[in-house]
There are 2 protein chains.
Amino acid sequence: MSTDAPAPRNRSHNVTLTRAPALADTLAARLSEDIRDGRLKPGEQLPTEQQISLAYGVSRPTVREAIGRLKHDGLVVTRQGAGAFVADPNAASVFRLSVADFSNKDEIHNIVELLMAVEATATQHAAERRSAANLAEIRARLDAMQAAIDRGEPGVDEDFAFHRAIIEATNNPFFRDLSDFLDRRVRNFIRTARLNSARQAGLPQAVQVEHIRIFEAIERQAPADAREAAENHLRNAAKRLERYLVL
Amino acid sequence: MSTDAPAPRNRSHNVTLTRAPALADTLAARLSEDIRDGRLKPGEQLPTEQQISLAYGVSRPTVREAIGRLKHDGLVVTRQGAGAFVADPNAASVFRLSVADFSNKDEIHNIVELLMAVEATATQHAAERRSAANLAEIRARLDAMQAAIDRGEPGVDEDFAFHRAIIEATNNPFFRDLSDFLDRRVRNFIRTARLNSARQAGLPQAVQVEHIRIFEAIERQAPADAREAAENHLRNAAKRLERYLVL
DNA sequence: GTCACCAAGTTGCCTGACAAGTGGAAATTT
DNA sequence: AAATTTCCACTTGTCAGGCAACTTGGTGAC
């Protein structure tokens, strides 16, 4: 009944799926679901490491690794000697956004929607409070983009750098980090989905016209115009994305 | 020179700060910085677990735990038999937003700014595509808020639920999760900072008037009006927050 | 020159053990 | 009997050592 039970031999339980998802990860995912779906309520104590270890047929280090993840994500807090407890969601200080299956069309749509919201507002803020240095940097990126176009290149990197310079001008690290992540995600998707055809035959120049409108609004510090220009640009970009998605 | 070197005895190296930050956490933070600051470049191989173990004077399980965190955050990828490598930031599929020191006034300001951007756009989308069920839920939350006010309560929970019902109507989990996090964070700050005085003497009713404007815009599916009403509400809320912050 | 094979190195996971901290029950005192 | 102290079982944090699975580069056979 106590702790001297013979250690269960369960190597055969190895889930060995293709490209092993790592035991700790699957366990962490399960516990994480238990919390999010309310099977484990805030403040409630988790089973002890040993109990989980027995219940799931994995070793304690593996359980510790899984719980460590949850702790890292702010879902649980542990107190040495006492146990592990489900954290109060109101006090959680870390937000985790996982874009899992990027082949899902809805997911892309939702991501792009969030991207539009963040970048449009960021562009507005940039117009409100860009410094002279910010403006110079943005102009430099715009010129670099034009140079790339003149060389006949699609200029994806220059495009990204232009937007990044604008976001930087918001002087808000949360906008910067989130926008950076979303932007990378979408651009990477476009790249891997081999939609580069979208960047052909005069399209870059059309994009550049929209960039210029954004730049000019930021230059004359007109927030409303900047937002509208950004919204227009993003709307068109989303439209181009949609169009090439169906192909 | 090989692996038979005597295990270093370094229990005295225990950093024992107040409320022990856990060895693995500090190690993960250091490695994480190395990556973010570019001392470790994308694609580059990390030192082996054993090397790190020796270098930092901790055991291999601890190193594993730290690397596990980085893996979880999408900063590194590991290949059994090969090693651990810094992940390509373009391919990173998880975004992590950590709101560390919440006593910092700038940080609050930045968070609120992001919250405003997300919720205003979310409210707009809610007006665009709320279902009848969504609308009913939002109305129920609005009524519950009114009931709380009539009972003379501040109705913070009802307020939160009202906003949550709106966000839910966007039908976009990214908006929902991010907004949920930011909202909780700000409200929790207000609570702990004992600014409840902000919720006195007719203020709830003033807030409710703004809520009603938002609700009506969503009801008649007027996106622009909904956004404007939400922006107005959030601007006022931010103003109230600022005012009570200086006290 | 090409290909199969092997050995060293690395991560993934396990067992067993001890230290540090917690909380409640038992023992002691009032 | 009630209050206080002491102590012990339990839990998490960390360590050591070991084996299995996998990768990679080099070596030898052809």
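What's counted below: heavy atoms across the whole structure, side chains too, no hydrogens, waters or symmetry copies. Here is how names work: the chains are called A, B, and so on, in the same order as the sequence lines, proteins then strands, and each is numbered from 1.
Atom-to-atom, CD of B:Glu65 to P of C:dC13 comes out at 14 Å; the value is rounded to the nearest Å. Remark: C1' of C:dA17 and CD of A:Gln50 are 13 Å apart, rounded to the nearest angstrom. Atom CG of B:Leu46 is separated from atom C1' of C:dT10 by 13 Å (rounded to the nearest Å). Atom P of nucleotide C:dG16 and atom CZ of A:Arg64 are separated by 18 Å, given to the nearest angstrom. Between the CD atom of B:Gln80 and the C1' atom of D:dC22 there is a distance of 5 Å, rounded to whole Å. For the pair A:Leu54 CG and D:dT11 C1', the interatomic distance rounds to 14 Å; values are reported in whole Å. Rounded to a whole Å, the CD atom of A:Glu49 is 12 Å from the C1' atom of D:dC10. For the pair B:Lys71 NZ and C:dC13 P, the computed distance is 7 Å after rounding to whole Å.
You'll find that the side chain of B:Ala82 is closest to D:dT24, out of C:dT11, D:dT12, D:dT24. With D:dC15, C:dG12, C:dT15 as the choices, the nucleotide that has an atom nearest any side-chain atom of A:Ser59 turns out to be C:dT15. Among the nucleotides C:dG12, D:dC15, D:dG13, the one closest to the side chain of B:Val58 is D:dC15. In the set C:dT11, C:dT15, D:dT12, the nucleotide with an atom closest to the side chain of A:Pro61 is C:dT15.
Nearest-nucleotide positions on DNA chain D for A:Gln51 and B:Gly81 put A:Gln51 closer to the 5' end.
Nucleic acid contact for A:Arg60: base, since at least one base atom lies under 4.0 Å from a heavy atom of the residue.
Here the shortest heavy-atom pairing between B:Leu27 and B:Val63 reads CD2-CA, 3.9 Å.
With salt bridges taken as basic N to acidic carboxylate O contacts below 4.0 Å, one links A:Asp25 and A:Arg69.
The closest donor-acceptor contact from the side chain of B:Asn172 to the backbone of B:Phe174 lies under 3.5 Å.
In this model, the phosphate group of D:dG13 is approached by a side-chain N or O of A:Thr78 to a distance below 4.0 Å at OP1 or OP2. For the OP1/OP2 pair of C:dG21 and a distance below 4.0 Å, the side-chain nitrogens and oxygens of A:Arg79 include no atom meeting the criterion. Contact check, A:Thr62 against C:dG12: no side-chain N or O comes under 4.0 Å of OP1 or OP2.
With no hydrogens or angles considered, no side-chain donor-acceptor pair links A:Arg30 and A:Thr26 at under 3.5 Å. A donor-acceptor contact under 3.5 angstrom links the side chains of B:His72 and A:Asp73, judged on distance only.
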